[in-house]
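Notes to accompany the following structure.
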Amino acid sequence: MSFPLLTATAALPAIGAVATAAVPAARRTAAKWTALVFSLATLVLAGVALARFEPGGDRYQLTESHAWIKDFGVRYELGVDGIGVALMALTALLIPFVILAGWHDADPLETSSSRWRPTQGFFALILMVEAMVILSFEATDVFLFYILFEAMLIPMYFLIGGFGDRAHSGSDENAAAQRSYAAVKFLLYNLAGGLIMLAAVIGLYVVAGTFSLSEIAAARADGSLSMATGTERWLFLGFFFAFAVKAPLWPLHTWLPNAMGEATSPVAVLITAVVDKVGTFAMLRFCLQLFPEASKWATPVIVVLALVSIVYGALLAVGQRDIKRLIAYASISHFGFIILGIFAMTSQGQSGATLYMVNHGISTAALMLVAGFLITRRGSRLIADYGGVQKVAPILAGTFLIGGLATLSLPGLAPFVSEFLVLVGAFSAYPAAGIVATTGIVLAALYVLVLYQRTMTGPVKEEVRGMADLKVRELTVVVPLIGLLLFLGVYPKPLTEIVNPAVQHTMSDVQKKDPQPEVEAAK
């Protein structure tokens with residue numbers, strides 16, 4: 001029996017979570033190092049899985065399959081395609097940076113011994129989220145995926161509600177109330193989506209007689225499984241609704257600004273750069289593969305919703321006064337691009353959407369974590385409380401600018417490649433949608449540059465005059481992320497070679513081909 005690499009990659013952070021939680025309460029530093037070591041070990045295993053993955057090989061590789069709940073046909077089945085292995089590697093890559101950035105976020109507050117912040121619990125919850133997200137990218141059994149899809153809400157609820165941002169303009173009681181509201185809203189929205197998905201999962205089993213993605217695909221290919229048009233559409237809507245909440249897609253997005261605004265900056269990165277990617281990933285793996293005809297039927301409406309997300313998120317980002325909420329609304333706009341690329345049903349669009357998931361994770365992590373370092377120094381999330389930071393902390397300002405430029409998809413940085421491919425795919429299939437989507441690029445330049453101007457340039461405000469520049473630990477977090485943005489912006493080939501074969505499989509599932517350009521015959 002070969003080594004279960006995928007199981008080990010997901011199990012290691014889960015074991016790390018238990019080990020971190022078991023560290024004695026007084027040994028906070030030991031708990032931090034335990035979490036960091038396990039996250040780095042997980043990164044190594046994810047790197048091994050990435051190295052062993054053969055882009056030109058079978059669709060699902062490194063597979064594992066074991067009987068689990070025999071009476072209900074549930075199996076423990078794992079496998080990764082190019083999209084899954086790329087997102088698994090992204091998750092494993094970001095978690096060590098999240099842990100380093102949040103090194104002091106769960107330390108006890110010196111001013112109030114009654115508000116003890118359990119360091120062990122904070123880092124254990126992060127590792128538990130990592131384990132569930134990685135396993136969700138690997139699961140090829142629909143029921144197993146559903147369990148993970150719902151279970152990851154529990155540690156995220158406690159990370160948002162129990163370890164909120166200390167930089168709150170109101171009283172301690174008001175801050176606690178806002179955190180509680182954000183955590184409950186996050187949980188209720190996602191639970192509602194999950195309950196609807198559960199009904200669709202049960203319906204799928206009634207129709208197909210199995211939860212195995214490979215068995216369902218094989219049955220559809222040989223004609224032994226056919227779904228009535230109405231049944232397939234209802235099942236598609238049940239799955240898509242849950243994924244659209246997680247993504248988040250307008251108008252199901254309203255939980256995200258609250259959650260990201262009230263969470264610590266590392267947890268905000270965990271939300272938008274890691275957990276939310278499960279929603280867009282699942283649209284590719286489950287919606288398009290299980291319900292190809294329904295996916296094509298729903299495409300016009302979904303494209304419109306994606307365009308609304310792009311423009312709406314960007315417009316609201318322009319008007320924000322809170323740094324973290326601005327980044328949250330920018331992410332809503334970016335997720336609109338990802339969903340537009342998926343449902344453009346072109347190879348360029350879907351390749352761009354997958355690259356966007358990876359590159360958005362890196363760029364948002366860079367920008368949000370630097371913003372978190374900035375907010376920690378000043379103790380405020382309000383843009384108006386800053387000014388002239390580049391004169392007293394030039395490295396902080398410089399890294400903040402690079403993160404912002406990546407967010408607006410500047411050529412030469414990784415997100416540009418993704419956004420370009422999405423727009424090419426959208427233009428070739430829906431020219432009008434491509435034109436509308438480009439307005440998001442203009443608005444992104446506006447909110448990023450205005451944010452930088454108001455916080456980093458101009459006269460130095462008295463409150464930021466003594467602000468320290470980035471320290472070694474903070475540079476260790478930011479510099480590798482910026483390096484990746486530059487590398488993938490100049491040379492995206494290593495990523496596209498992994499992703500493109502999986503995209504071709506998805507295009508085959510929905511029986512779509514790229515539109516051919518019209519060329520006039522020579523006279």
Side-chain angles (χ1 to χ4, degrees), residues 28-29 32 35-36 94 96-112 115-117 119 122-123 126 159-160 162-172 175-176 178-179 182 259-273 320-328 364-404 451-452 454-456 460-479 481-482:
R28 297 192 304 274
T29 303
K32 298 173 185 179
L36 181 60
L94 291 181
F97 297 125
V98 167
I99 290 172
L100 276 173
W103 202 252
H104 299 297
D105 285 357
D107 289 346
L109 295 174
E110 297 178 0
T111 57
S112 175
R115 290 183 61 193
W116 166 257
R117 304 163 73 86
T119 305
F122 179 75
F123 293 103
I126 290 175
L159 284 169
I160 297 169
F163 301 91
D165 194 349
R166 299 180 185 183
H168 201 286
S169 57
S171 63
D172 289 348
Q178 291 291 338
R179 287 199 305 272
M260 288 184 65
E262 298 305 323
T264 65
S265 293
V267 172
V269 169
L270 199 62
I271 294 170
T272 190
Q320 288 303 306
R321 296 180 298 172
D322 183 307
I323 296 174
K324 293 172 68 176
R325 288 179 71 89
L326 184 152
I327 298 173
T364 298
L367 181 60
M368 178 61 84
L369 293 178
V370 176
F373 299 148
L374 176 70
I375 292 167
T376 299
R377 285 161 165 75
R378 175 65 177 84
S380 173
R381 306 191 320 237
L382 299 179
I383 297 173
D385 289 341
Y386 296 87
V389 173
Q390 67 180 13
K391 296 178 181 177
V392 297
I395 299 177
L396 189 155
T399 53
F400 188 82
L401 177 61
I402 295 174
L451 172 64
Y452 183 83
R454 292 179 178 176
T455 55
M456 302 297 167
V460 180
K461 289 201 171 184
E462 190 63 34
E463 295 82 1
V464 303
R465 192 169 297 278
M467 183 176 289
D469 214 335
L470 293 182
K471 301 175 182 178
V472 174
R473 173 180 60 85
E474 295 163 334
L475 287 171
T476 304
V477 171
V478 177
V479 171
L481 294 174
I482 291 176

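- In this structure, Ile160 and Ala259 approach most closely via the heavy-atom pair CD1-CB, 4.0 Å.
- In this structure the side chain of Phe400 reaches within 4.5 angstrom of the side chain of Thr455, judged on heavy atoms.
- Side chain of Lys32 to main chain of Phe123: no donor-acceptor pair is present (N/O by atom type, distance under 3.5 Å, no hydrogens or angles).
- Residues Gly372 and Ser265 come closest through the heavy atom pair CA-OG, 3.1 Å.
- When all heavy atoms are compared, the tightest approach of Ala101 to Val477 is N-CG2, 3.9 Å.
- Remark: Glu462 engages Arg465 in a salt bridge, criterion side-chain N to carboxylate O under 4.0 Å.
- Formation of a donor-acceptor pair under 3.5 Å by the Arg381 side chain with backbone atoms of Gly261 is found in this model.
- The CG atom of Leu475 lies 12.0 Å from the CG atom of Leu100; values are rounded to the nearest 0.5 Å.
- Within the model, atoms OG1 of Thr264 and CD1 of Ile126 stand 7.0 Å from one another, a figure rounded to the nearest 0.5 Å.
- The two residues Leu94 and Ala365 make their nearest non-hydrogen contact at CD2-CB, 3.9 Å.
- A donor-acceptor pair under 3.5 Å links the side-chain atoms of Thr119 to the main chain of Ala106, judged by distance alone.
- In this structure, OG1 in Thr272 is found 4.5 Å from CE in Met260, a value given to the nearest 0.5 Å.
- Between Lys471 and Arg473, every side-chain heavy-atom pair lies at or beyond the 4.5 Å cut-off.
- Residue Leu382 holds its CG atom at 8.0 Å from CD1 of Ile323, rounded to the nearest 0.5 Å.
- Partner of Met456 under the side chain to side chain contact (heavy atoms under 4.5 Å, CB included) criterion, chosen from Leu401, Leu451, Leu374: Leu374.
- Among all heavy-atom pairs drawn from Gln320 and Ile383, the shortest one is O-CD1, 3.5 Å.
- Without hydrogens or angle criteria, Arg378 side chain to Tyr386 main chain gives no donor-acceptor distance under 3.5 Å.
- Looking at Thr399, its side chain does come within 3.5 Å of a backbone N or O of Leu396 through a donor-acceptor pair.
- Leu36 has its side chain within reach of Pro96: a pair of non-hydrogen atoms, C-beta onward, lies under 4.5 Å apart.
- Side-chain contact check for Gln390 versus Tyr452: some heavy-atom pair is nearer than 4.5 Å.
- Residues Arg377 and Ala468 approach most closely at NE-O, 2.7 Å, considering heavy atoms.
- Atoms CG and CD1, on Asp469 and Ile395 in that order, are 4.5 Å from each other to the nearest 0.5 Å.
- Residues Leu481 and Leu369 are in side-chain contact: their nearest non-hydrogen atoms beyond the backbone lie under 4.5 Å apart.
- In this structure, CG in Asp105 is found 12.0 Å from CD1 in Ile99, a value given to the nearest 0.5 Å.
- In this structure, Asp385 and Glu463 have side chains that are not in contact, with every pair of non-hydrogen atoms separated by 4.5 Å or more.
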